[in-house]
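The first residue of the sequence shown is numbered 1, and numbering continues consecutively from there. Order of appearance sets the numbers: ligands from 1, and atoms from 1 within every ligand.
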Amino acid sequence: MPVSEAWHQRLADARADRQQTHRWRSRQVMANGASESALDFAGNDYLGLAHDPRVSEAQADGARRFGAGAGASHLVSGHLEVHDALEEALAHWTGRERALLFSTGYMANLGVLQALADRHTAIFQDRLNHASLLDGAALSGARNRRFHHRDANDLENLLGRIEYAHKLVVSDGVFSMDGDVADVASLVSACQRHHAWLMIDDAHGVGVLGDNGSGCVGSTWSSAKVPILVGTFGKALGTAGAFVAGDAALIDHLIQFSRSYIYTTAQPPAIAAATLKALDIVQREPEHRTTLNANIAYFRREALRLGLPLSDSTTPIQPLILEDEARTLTWATRLQQHGVYVGAIRPPTVPKGEARLRITLSARHSRHQIERLLEALTACQREETACLANA
Ligand SMILES: *Cc1c(COP(=O)(O)O)cnc(C)c1O
């Protein structure tokens, strides 16, 4: 077979496999972002800041003042005062000495793991950690082990069995597909007993959890207990980008050695300006978190009453585990016909047999909109019962 034909065949096989297993991923063109027609219960704009006019205005103003892009990497000439101000505000917010901006959370995780870990390092990850953490570990060349989800005993077993010069324990703060929160206290004690460092990726926690909205680590755990804290701006802060917060020595090390920090163009300064505004709103206006929590409580109460397969999550991520992949797609399609958009999450993003609708709530949702979601879910339930009765 000629070479190019082998390539065509390889891609065709991969596509066919995705389709046959109901795992085909497709994009939805949303009418200019969150449209009015479709109700968005799939996004991560938990506080509504992506649509807050004050944040958009800060971005527009930033673009007028600093231009459309940074023009260079941070280490060349792309590190502007607005980036520096944002780093300082993030360090203060999370109770850390310093913070460092990255262009995305994916790059932050790659950059931290690659800069800290090597083949003399063992990395221990929660089984349900975000893909970027797994990819970062692979890139670092470290030995990578996974422990059972939120299971500190399993982690301690592994930590005790494996002798490596450096051990790094890594966990999501809020798990992105399940919405449950890491047991940080248990992770901290396991790490202390085994002289390991702890890294928490709180992408879905910052802005949402904690007294000052700084997440499940920021205001609760010092950098002595959680030396490496990662947060992102694309979720509750409503913009784009990410940060790592920790001691000055950690940040200096990342500036020297983190390749995804060094070899990329700095985040557009206008985005930094918008993020600074979003951060200011998060700190000054706790009412958005209050509204969000009321929405979560209302959804959970009604969903339980309807007998929907709710999980234990108390965060804005409220998965309904439907298990079967085809069933999950059927429900998602039906919901869309009712004008409600939710994520249909299937393996390999989640373990086999745990396909789910990933429903996310926002402070931006009105009571009436959540009622519409619940009505659409009821319609899915009713239709399934009718199908079973006819079968
Ligand atoms: C979304 C997410 C990321 C990636 O962040 P981006 O800024 O979107 O690249 C990393 N970790 C977790 C846990 C996430 O949910």
Side-chain angles (χ1 to χ4, degrees), residues 25 27 33 42-47 49-50 83 86-87 90 94 99-114 123 125-140 146 149-150 168-184 187 198-210 214-218 226 228-245 254 258-261 264-268 271-272 274-275 278-279 313 315-319 343 345 348-350 356 358-362:
R25 299 164 189 258
R27 301 178 306 178
N44 305 312
D45 181 22
Y46 303 127
L47 300 175
L49 292 176
H83 293 124
L86 177 56
E87 287 182 346
L90 290 163
T94 56
L100 187 70
L101 299 181
F102 280 78
S103 295
T104 72
Y106 190 97
M107 287 170 69
N109 284 337
L110 290 194
V112 169
L113 292 172
Q114 167 267 318
I123 297 178
Q125 306 217 29
D126 189 289
R127 225 170 62 84
L128 298 188
N129 274 357
H130 191 263
S132 56
L133 293 167
L134 301 178
D135 295 355
L139 182 66
S140 75
R146 296 165 88 173
H149 179 50
R150 294 184 80 253
L168 180 61
V169 173
V170 184
S171 177
D172 280 18
V174 175
F175 288 87
S176 49
M177 296 300 140
D178 293 76
D180 53 351
V181 184
D183 180 357
V184 180
L187 293 174
L198 179 57
M199 167 178 180
I200 301 284
D201 171 4
D202 205 14
H204 293 275
V206 294
V208 172
L209 301 177
S214 68
C216 74
V217 168
V226 182
I228 309 154
L229 169 60
V230 175
T232 68
F233 308 139
K235 278 118 192 189
L237 286 161
T239 59
F243 68 95
V244 181
L254 295 177
S258 182
R259 296 170 65 84
S260 67
Y261 180 76
T264 198
T265 301
Q267 173 180 73
I271 303 278
T275 307
L279 183 55
S313 163
T315 67
I317 302 167
Q318 291 290 325
I345 312 290
T349 306
V350 293
R356 67 196 62 189
R358 180 176 180 274
I359 294 170
T360 52
L361 296 162
S362 167

Considering the heavy atoms of N109, write down every atom of ligand 1 situated less than 4.0 Å from one of them. 10 (C), 11 (N)
Within the distance-only criterion (no hydrogens, no angle test), does the side chain of D135 pair as donor or acceptor with the backbone N or O of L139 below 3.5 angstrom? no
Ignoring hydrogens and geometry beyond distance, is a side-chain donor-acceptor pair present between D178 and H149 at under 3.5 Å? no
Run Y261 and V244 through side-chain contact (heavy atoms from CB on, under 4.5 Å) and show every step you take. CA-CA 11 Å; Y261 180 76; V244 181; over 6 Å; no
Give the numbers and elements of all ligand 1 atoms closer than 4.0 Å to a heavy atom of D172. 13 (C)
Tell me which protein heavy atom sits closest to atom 6 (P) of ligand 1, plus the residue, atom name and distance to 0.1 Å. G105 N, 3.3 Å
Check: L134 main-chain N/O paired with R146 side-chain donor or acceptor under 3.5 Å: no
Quick check: does H204 get an N/O under 3.5 Å from an N/O on ligand 1? yes
Nearest-neighbour protein heavy atom for atom 14 (C) of ligand 1, which is reported as residue plus atom name and distance: K235 NZ, 2.9 Å
Using a 3.5 Å cut-off on N or O atoms only, is S176 in polar contact with ligand 1? no
In ligand 1, which numbered atoms sit nearer than 4.0 Å to a non-hydrogen atom of Y106? 4 (C), 5 (O), 6 (P), 9 (O)
If I compare all heavy atoms of L237 with all of T232, which pair ends up nearest, and what's the gap? CD1-O, 4.1 Å
Shortest non-hydrogen pair, N129 vs V170, comes out as ND2-O, 2.9 Å
For atom 13 (C) of ligand 1, what's the nearest protein heavy atom and its distance? D201 OD2, 3.2 Å
Show the numbers, then the answer: is there a side-chain contact (heavy atoms from CB on, under 4.5 Å) between I271 and T275? CA-CA 6 Å; I271 303 278; T275 307; 4.0 Å; yes
A242, portion touching ligand 1 at heavy-atom distance under 4.0 Å: neither
